[in-house]
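Structure first, then comments.
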Amino acid sequence: MSLLRVEDIKVDYGDIRALWGVSLRVEQGRTVALIGANGAGKTTTLKSICGLLPVSEGRIFYQNQDISGLPVYKVVDLGITLIPEGRQLFPKMTVEENLLVGSYIKRARDKRAKSLARVYELFPRLAERRKQVAETLSGGEQQMLAIGRGLMQDPDLIMFDEPSLGLAPVVVHEVFRTIRELRQMGLTVLIVEQNVHQVLKVADYCYVIERGRVVKEGPGADLEKDPAVREAYLGF
Ligand code: ATP
């Protein structure tokens, strides 16, 4: 059964149509990637799934429930979490305070202590720095904190928007290692990434979006060999 099913969604910013009919499926436990050029509609797709943007047409189903039109807090409470581009941490709050903010939703409240232990196990660096204010962390540590805060919401489906943006290569490597670990923990992952080379290696399945439409899809390993994908996104 697909955990998430996006069916032919069209999304507008005022008079401007950004998505012209995007359909995709994410199976339970899998890692699925969305790739595409700047402005193709990847962020818009993720925001629509989590209720940050209304869909003009089409439907979004999660666990067979129609979630199109639900407010964000209800979507999050069903188990969908977005780790946004730019991380959006609370800069003056400590690592632990930022993490705890994630667990205030109903679904996560009772599991707060367990989730915190899991985050610190996954990211020992955050445990060492639990009293440090977020704005003084390195870029890589801030990305770990953003992921940790998302995990505090106890998601089944975790969505990443450009998690490697602006990070040094060694830190990018760590982000992708973390994504593999989340998959091993049983989480379902939907990821938008400009780092196509790396993302095709972690993704079970991948969708290519161009100008608001899905133009190609297939297993990551197949797309990696596709001449058009290689030329447009891998540069060779
Ligand atoms: P990027 O990788 O650059 O973030 P993207 O694939 O995530 O690109 P989106 O951010 O989803 O692309 O943008 C899709 C289209 O919608 C673009 O043409 C963009 O200019 C437009 N768009 C995005 N946000 C807004 C907004 N708030 N108001 C008007 N148009 C917007």
Side-chain angles (χ1 to χ4, degrees), residues 4-26 31-60 62 67-72 75-76 80-89 139-140 142-143 146-147 150 155 157-169 171-172 175-176 179 188-203 205-218 220 223-224 226 228-235:
L4 176 75
R5 231 164 60 230
V6 174
E7 291 188 350
D8 202 22
I9 56 166
K10 300 183 173 70
V11 175
D12 302 297
Y13 292 101
D15 292 341
I16 302 168
R17 176 144 289 184
L19 300 187
W20 292 82
V22 167
S23 299
L24 57 92
R25 284 165 178 262
V26 183
T31 297
V32 173
L34 295 184
I35 63 170
N38 284 328
K42 306 178 298 295
T43 299
T44 302
T45 303
L46 296 189
K47 284 185 172 169
S48 306
I49 293 167
C50 67
L52 282 165
L53 281 173
V55 298
S56 304
E57 288 178 44
R59 288 270 171 273
I60 301 170
Y62 180 71
I67 60 164
S68 12
L70 283 188
V72 181
V75 175
V76 175
I80 300 180
T81 285
L82 172 66
I83 314 293
E85 188 181 332
R87 298 155 207 153
Q88 298 177 19
L89 298 167
Q142 289 189 18
Q143 185 57 272
I147 298 172
L157 171 64
I158 186 160
M159 303 195 293
F160 291 91
D161 195 357
E162 307 265 8
S164 77
L165 197 72
L167 299 178
V171 186
V172 171
V175 168
F176 280 99
I179 290 165
T188 307
V189 176
L190 178 58
I191 175 171
V192 162
E193 214 3 285
Q194 297 277 352
N195 193 331
V196 173
H197 189 69
Q198 292 267 7
V199 84
L200 287 180
K201 292 202 185 311
V202 300
Y205 203 80
C206 182
Y207 292 87
V208 182
I209 299 193
E210 281 175 15
R211 291 182 293 275
R213 293 180 176 88
V214 173
V215 295
K216 199 168 275 203
E217 60 178 273
L223 290 189
E224 208 177 355
D226 184 292
V229 171
R230 289 177 81 90
E231 194 186 330
Y233 303 108
L234 296 172

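Worth saying up front: this structure is predicted, and the values here are computed from it rather than measured. Order of listing sets the numbers, starting from 1, for every ligand and every atom in it.
In this structure, the protein non-hydrogen atom closest to atom 22 (N) of ligand 1 is Tyr13 CE1, 3.3 Å. Among protein heavy atoms, the minimum distance from atom 14 (C) of ligand 1 is reached at Gly39 O, 3.3 Å. Of all protein heavy atoms, the one closest to atom 9 (P) of ligand 1 is Thr44 OG1, 3.5 Å. With respect to atom 3 (O) of ligand 1, the closest heavy atom belonging to the protein is Asn38 OD1, 3.1 Å.
Between Ala18 and ligand 1, a contact under 3.5 Å exists for no N or O pair. Considering backbone and side-chain atoms alike, Thr43 places an N or O below 3.5 Å from some N or O of ligand 1.
Not a single donor-acceptor pair under 3.5 Å links the side chain of Tyr207 to the backbone N or O of Ser23.
Atom numbering of ligand 1 starts at 1 in the shown order; those under 4.0 Å from a heavy atom of Ala40 are 5 (P), 6 (O), 12 (O). Of all the atoms in ligand 1, the ones that sit under 4.0 Å from a non-hydrogen atom of Glu162 are 2 (O). For ligand 1, the atoms sitting less than 4.0 Å from at least one non-hydrogen atom of Gln194 are 2 (O), numbered in the order shown with element in parentheses.
Counting non-hydrogen atoms of neighbouring residues, nucleotides and ligands closer than 6.0 angstrom, the CZ atom of Arg213 exceeds 12 such neighbours.
Shown here, atom 19 (C) of ligand 1 is out of close reach of the protein: none of its heavy atoms lies under 4.0 Å off.
Distances shorter than 4.0 angstrom do not occur between any heavy atom of Gly212 and any atom of ligand 1. Distances shorter than 4.0 angstrom do not occur between any heavy atom of Gly36 and any atom of ligand 1.
Between Leu52 and the choices Leu46, Val72, Thr44, the side chain to side chain contact (heavy atoms under 4.5 Å, CB included) rule is met once, by Val72. With respect to Pro163, the side chain to side chain contact (heavy atoms under 4.5 Å, CB included) criterion is satisfied by exactly one of Val192, Val172, Val175, Val199: Val175.
Between Asp12 and Lys10 there is no salt bridge, since none of the side-chain N atoms of the basic residue sits less than 4.0 Å from a carboxylate O of the acidic one.
One distance of note links CD1 of Ile191 with CG of Asp161; it measures 9.5 Å at 0.5 Å rounding. The distance from the CD1 atom of Ile9 to the OG1 atom of Thr45 is 5.5 Å, given to the nearest 0.5 Å.
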